[in-house]
There are 4 protein chains.
Amino acid sequence: MNKRHSWEKRIEQLQNEKNMTPKQAKILQAAIELFARKGYFNTSTNEIAKLAGVAEGTIFRHYQTKKELLEAILAPAIMDFTATFFVDQFIADAIHTSHKNMREFLEAFTRNRFEFARQNTPAVRILLQELAFHPDMQETIKQLFMKKIYPRLTKVLVHFQSQGELKDIEMPAIIRMMISPILGLVINRFIIQPHAEHDDEKEIRQTVDFIMNGLGK
Amino acid sequence: MNKRHSWEKRIEQLQNEKNMTPKQAKILQAAIELFARKGYFNTSTNEIAKLAGVAEGTIFRHYQTKKELLEAILAPAIMDFTATFFVDQFIADAIHTSHKNMREFLEAFTRNRFEFARQNTPAVRILLQELAFHPDMQETIKQLFMKKIYPRLTKVLVHFQSQGELKDIEMPAIIRMMISPILGLVINRFIIQPHAEHDDEKEIRQTVDFIMNGLGK
Amino acid sequence: MNKRHSWEKRIEQLQNEKNMTPKQAKILQAAIELFARKGYFNTSTNEIAKLAGVAEGTIFRHYQTKKELLEAILAPAIMDFTATFFVDQFIADAIHTSHKNMREFLEAFTRNRFEFARQNTPAVRILLQELAFHPDMQETIKQLFMKKIYPRLTKVLVHFQSQGELKDIEMPAIIRMMISPILGLVINRFIIQPHAEHDDEKEIRQTVDFIMNGLGK
Amino acid sequence: MNKRHSWEKRIEQLQNEKNMTPKQAKILQAAIELFARKGYFNTSTNEIAKLAGVAEGTIFRHYQTKKELLEAILAPAIMDFTATFFVDQFIADAIHTSHKNMREFLEAFTRNRFEFARQNTPAVRILLQELAFHPDMQETIKQLFMKKIYPRLTKVLVHFQSQGELKDIEMPAIIRMMISPILGLVINRFIIQPHAEHDDEKEIRQTVDFIMNGLGK
DNA sequence: AATGAATGAGCTTTCATTCAT
DNA sequence: GATGAATGAAAGCTCATTCAT
């Protein structure tokens with residue numbers, strides 16, 4: 001409980017970026033905690049207000065609706081997640097330099113997503129939980145994936161196929177099989193068993209090995 | 001839309017087993033459809049009554065609470081899921097006969113889970129969606145997994161390790177890496193893209209190959 | 001207070017026509033009283049529920065929204081008002097028989113509107129008060145007037161102009177000058193000074209004389 | 001839209017009289033516009049602040065309550081309206097000189113009220129709309145009418161009765177029948193159809209003729 | 001004088017559940 | 001068994017008003 005999670009730093013950053021009032025920060029923090037713990041529909045604005053130590057009306061001064069509060073929590077995480085695919089070194093390098101092979105790329109990718117999940121655990125949890133119930137969010141995510149992530153990933157993976165490092169299977173299948181174990185790793189680590197002992201290094205290596213053996217030539 | 005899904009047969013079975021009245025069956029069917037489409041919290045008993053063509057009071061004659069209605073939907077699916085691990089041929093055979101190897105077991109397992117998902121799509125969808133919000137259900141599932149499924153699975157997999165067919169990694173990691181791609185396959189097929197074209201045979205084979213290459217020696 | 005107003009009978013009729021539950025009738029009655037006394041926006045559904053002796057939720061079982069409750073009160077009055085222009089004797093007679101002159105028509109018209117106001121006092125009051133704030137209602141009334149009432153009235157008045165009984169002024173001006181004193185009479189009688197002593201017969205006669213002298217040739 | 005209404009000059013006057021700050025003037029202007037358009041209860045102080053371009057708190061620095069803001073809008077109009085009956089030439093003349101007859105008085109009176117409505121359209125609109133809902137304002141207006149306007153008007157009209165220019169009917173009936181068409185003219189001109197084409201001269205003359213014929217001997 | 005964040009009472013509306021018929 | 005009117009607690013949200021800056 002008192003252990004300081006790395007995502008708590010992340011939330012502080014968030015608060016500083018947009019210069020919020022202390023009360024607004026409290027509201028955001030309370031909402032994140034409650035949404036993550038009990039879900040969006042199961043959390044009342046009254047509860048959020050109480051946990052944040054503000055009047056209920058204060059919530060609605062800063063966020064017009066409860067839904068907007070949810071979006072204020074998820075939007076930055078989603079944007080961060082997407083941004084990675086543009087600026088991060090590992091993508092650019094994979095294509096433009098030749099000294100990186102498939103394994104190095106996969107490891108960088110896995111570590112990167114792993115750290116993202118560590119730093120955004122509550123948002124990731126909320127996103128996973130709520131995605132099913134908010135068709136507008138589904139559409140947003142779908143668009144994001146199809147337009148930003150899928151093409152970039154494909155570009156890299158096709159490159160490795162041409163290098164003979166990756167099996168000649170249809171891209172959707174490759175991506176699904178590559179992502180599944182990474183998601184399995186991350187979700188188990190941060191969502192299902194966040195309090196269990198984990199040898200992160202070892203688990204990451206095992207997962208990368210598994211995918212490499214499964215998909216490599 | 002009018003295509004008869006295989007899980008509709010499943011519901012009929014359910015009615016016969018417990019000899020329900022037609023009204024009760026209608027209620028169950030309506031609840032399954034709405035819970036799957038909009039989630040438990042987003043579905044009102046009023047809506048269920050309307051879709052089922054019964055009075056709202058009738059629902060509470062058969063199910064004491066709304067939660068009980070949810071459980072009445074999920075319980076059979078969960079029991080069926082578990083039952084498989086006891087009675088199904090593939091488990092017993094895997095252990096007691098020697099003519100089956102790791103690949104055959106894995107393929108049988110994958111096909112079995114795949115067909116289960118096909119026949120219980122709405123229940124699976126509801127279970128995945130709601131699990132996060134109902135701690136009591138989480139506990140039930142956890143117990144079930146730890147006491148019934150995990151030990152049986154371990155027994156089989158240890159056997160294959162002893163046969164030299166399976167890498168010598170810790171069991172939790174093996175199970176996670178084995179299950180992740182199967183879940184990825186099934187969720188993509190029945191939840192995320194249920195209406196897309198799928199070559200099920202091919203995708204199952206690819207997935208089994210992937211796991212075999214990844215985990216086999 | 002204990003004097004039985006004729007509009008109270010009117011409300012009972014209303015309740016019997018659509019067969020309401022007793023509670024619904026109570027709600028309607030309470031809403032009419034409060035809307036008439038304090039206005040729509042100034043009356044809370046909580047107040048209505050209390051005066052009607054029902055739970056607040058009961059209101060919303062019968063009327064989806066507060067606005068719908070307002071419409072349920074006004075719609076019958078508006079329809080009655082319009083209906084008069086189709087079925088009432090005075091219109092048909094004025095045109096089709098020759099024994100009625102302008103004065104007789106005007107007197108019939110005035111008495112008819114006077115009695116309507118007497119029997120629908122609360123609804124008329126509410127309509128006058130709220131019309132300004134509900135653009136949708138404004139549009140409804142405007143349409144009603146332009147399509148149903150104005151043409152009929154014009155037909156009759158043109159007839160009297162051709163008979164030389166009515167000044168040759170533009171129709172809109174005639175209608176405005178004819179209606180103004182009738183409205184003045186009715187509003188003063190039932191809205192502004194409902195509790196003052198009134199010699200209705202005399203006031204109606206004076207008003208008719210006034211209009212006849214003002215508009216007649 | 002951009003045409004400069006005569007009541008806008010009136011508002012400027014208002015500002016100079018009471019030497020307001022520019023902010024206060026903006027608030028008043030915004031409140032007048034919104035109250036006239038949407039009604040008092042339908043307009044929030046937040047909206048007023050936004051339209052006025054001030055902080056919400058600023059409104060309450062100048063006006064203790066929202067109600068006080070309404071009164072600040074209506075009071076000057078009401079006072080102006082009443083003042084007319086004291087200082088205006090047409091009243092004094094009508095009584096003290098003999099060269100003015102009933103028709104001249106009525107025409108002066110009608111034109112005077114017509115111009116008042118033109119110059120105070122928004123305030124008149126607000127007054128008409130809100131009068132029904134504010135018993136205190138009703139009382140004020142009633143007192144004003146009974147003590148200031150009614151006696152003066154009676155004095156003049158009795159004078160014309162004694163001159164044989166006006167029918168011998170009870171004063172309340174005369175006043176009602178005289179005022180109704182003037183109100184009808186004014187309300188139609190400035191409230192109901194402010195954007196329609198109007199031949200003001202003609203309509204005023206028609207109305208005066210109508211009343212003269214109706215009430216004159 | 002001016003701000004605008006904060007308040008909390010009160011609003012309309014929803015909904016699982018009860019119960020007389 | 002079945003009904004559906006009725007309930008009342010709780011939900012999301014609004015808004016006039018206050019107050020520290």
Side-chain angles (χ1 to χ4, degrees), chain A residues 20-24 26-27 41-49 52-69, chain B residues 20-24 26-27 40-50 52-69, chain C residues 20-24 26-27 41-49 52-69, chain D residues 20-24 26-27 40-50 52-69:
Chain A
M20 297 181 172
T21 66
K23 299 252 173 189
Q24 189 174 0
K26 286 271 193 137
I27 290 167
F41 289 111
N42 245 347
T43 302
S44 72
T45 51
N46 178 23
E47 281 175 296
I48 297 170
V54 302
E56 208 168 343
T58 308
I59 294 176
F60 292 94
R61 278 215 120 249
H62 294 292
Y63 307 94
Q64 308 270 58
T65 63
K66 191 187 168 192
K67 184 80 182 281
E68 211 169 88
L69 177 55
Chain B
M20 297 178 172
T21 67
K23 297 252 173 191
Q24 190 172 0
K26 286 267 194 153
I27 291 168
Y40 175 79
F41 288 110
N42 254 343
T43 301
S44 70
T45 50
N46 177 27
E47 279 175 296
I48 297 170
K50 263 182 193 142
V54 303
E56 215 167 340
T58 308
I59 293 176
F60 290 90
R61 191 147 286 281
H62 294 291
Y63 307 94
Q64 307 274 56
T65 65
K66 190 186 169 192
K67 185 78 183 282
E68 211 167 90
L69 179 54
Chain C
M20 299 179 171
T21 66
K23 298 254 172 189
Q24 187 174 2
K26 286 270 194 140
I27 290 168
F41 289 111
N42 245 347
T43 302
S44 72
T45 50
N46 177 23
E47 281 175 295
I48 298 170
V54 303
E56 210 167 344
T58 308
I59 295 175
F60 291 92
R61 278 215 121 248
H62 294 291
Y63 307 95
Q64 308 270 59
T65 63
K66 192 187 169 192
K67 185 81 181 281
E68 210 169 273
L69 177 55
Chain D
M20 297 177 171
T21 68
K23 298 251 172 192
Q24 191 173 0
K26 286 270 194 148
I27 290 168
Y40 174 80
F41 289 111
N42 253 343
T43 302
S44 70
T45 51
N46 176 26
E47 279 176 295
I48 297 170
K50 262 183 193 143
V54 302
E56 216 169 340
T58 308
I59 294 176
F60 291 89
R61 190 146 289 279
H62 295 290
Y63 307 94
Q64 307 275 55
T65 65
K66 189 186 170 192
K67 185 80 182 282
E68 211 167 90
L69 179 53

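All figures in this text were calculated on a predicted structure; none of them were measured in a lab.
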> Quick one: D:I59 CD1 to E:dG4 P, roughly how many Å, whole number?
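Answer to the nearest Å: 13 Å.
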> Start at the 5' end of DNA chain F and walk down; is the nucleotide closest to C:A55 or to D:G57 reached first?
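Closest to the 5' end, via its nearest nucleotide, is C:A55.
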> Provide, to the nearest angstrom, the distance between the CZ atom belonging to A:F41 and the P atom belonging to F:dA11.
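Atom CZ in A:F41 sits about 14 Å away from atom P in F:dA11.
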> Which whole-number value in Å describes the distance from C:I27 CD1 to F:dA5 P?
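One finds 12 Å between P of F:dA5 and CD1 of C:I27, rounded.
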> What is the separation between atom NZ on D:K26 and atom C1' on E:dA2, rounded to the nearest whole Å?
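Computing the D:K26:NZ to E:dA2:C1' distance gives 15 Å.
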> Would you give the length of the straight line joining atom CD1 of A:I59 to atom CD of A:E68, rounded to the nearest 0.5 angstrom?
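A:I59 CD1 to A:E68 CD: 13.0 Å, rounded to 0.5 Å.
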> Measure from CZ on A:R61 to P on E:dA9 and round the result to the nearest Å.
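Between P of E:dA9 and CZ of A:R61: 18 Å.
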> Quick one: C:N46 CG to F:dA10 P, roughly how many Å, whole number?
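Taking CG of C:N46 and P of F:dA10, I get 16 Å after rounding.
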> Would you tell me if any nitrogen or oxygen in the side chain of C:S44 comes within less than 4.0 Å of OP1 or OP2 on E:dC11?
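Checking C:S44 against E:dC11: at least one side-chain N or O falls below 4.0 Å of OP1 or OP2.
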> Would you say that D:E56 contacts D:I48 through its side chain, given a criterion of any heavy-atom pair below 4.5 Å between the two side chains?
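No. Closest side-chain heavy atoms not under 4.5 Å.
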> Indicate, with a heavy-atom threshold strictly under 4.0 Å, whether A:Q24 touches base, sugar-phosphate, or nothing.
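Touches nothing.
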> May I ask you to say what B:T45 touches in the nucleic acid, namely base, sugar-phosphate or nothing, with a heavy-atom cut-off under 4.0 Å?
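B:T45: base contact, heavy atoms under 4.0 Å.
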> Counting side-chain heavy atoms from C-beta on, which of E:dA5, E:dT12, E:dT17 comes nearest to A:T21?
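Nucleotide nearest to A:T21's side chain: E:dA5.
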> C:K23 and C:V54: which non-hydrogen atoms are nearest, and at how many Å?
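In this case the closest contact between C:K23 and C:V54 is CD-CG1, 3.4 Å.
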> May I ask which nucleotide in the shown strands pairs with F:dA20, Watson-Crick or G-U wobble, both distances under 3.5 Å?
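Pair assignment: F:dA20 / E:dT3.
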> Under 4.0 Å between any heavy atoms, over every strand shown, what does A:T58 touch: base, sugar-phosphate, or nothing? Just pick one.
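Touches a base.
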> To the nearest 0.5 Å, what is the distance between CG (C:L69) and CD (C:Q64)?
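It is 12.0 Å, given to the nearest 0.5 Å.
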> If I take atom OH in residue C:Y63 and atom P in nucleotide F:dA5, what distance separates them, rounded to the nearest angstrom?
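Computing the C:Y63:OH to F:dA5:P distance gives 12 Å.
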> Could you state the atom-to-atom distance from CG of A:N42 to P of F:dA11 in whole Å?
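Nearest whole value for this atom pair: 10 Å.
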> With distance as the sole test, does B:K50 use its side chain to make a donor-acceptor pair with the main-chain N or O of B:A55 at under 3.5 Å?
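Absent.
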> Looking at B:K23, does any N or O in its side chain come under 4.0 Å of the phosphate oxygens OP1/OP2 on F:dT3?
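So the side-chain polar atoms of B:K23 do come within 4.0 Å of the phosphate oxygens OP1 or OP2 of F:dT3, strictly under.
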> Pick the closest DNA chain F nucleotide for C:E56 and for A:E56 by heavy atoms, then say which residue is nearer the 5' end.
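Result: C:E56.
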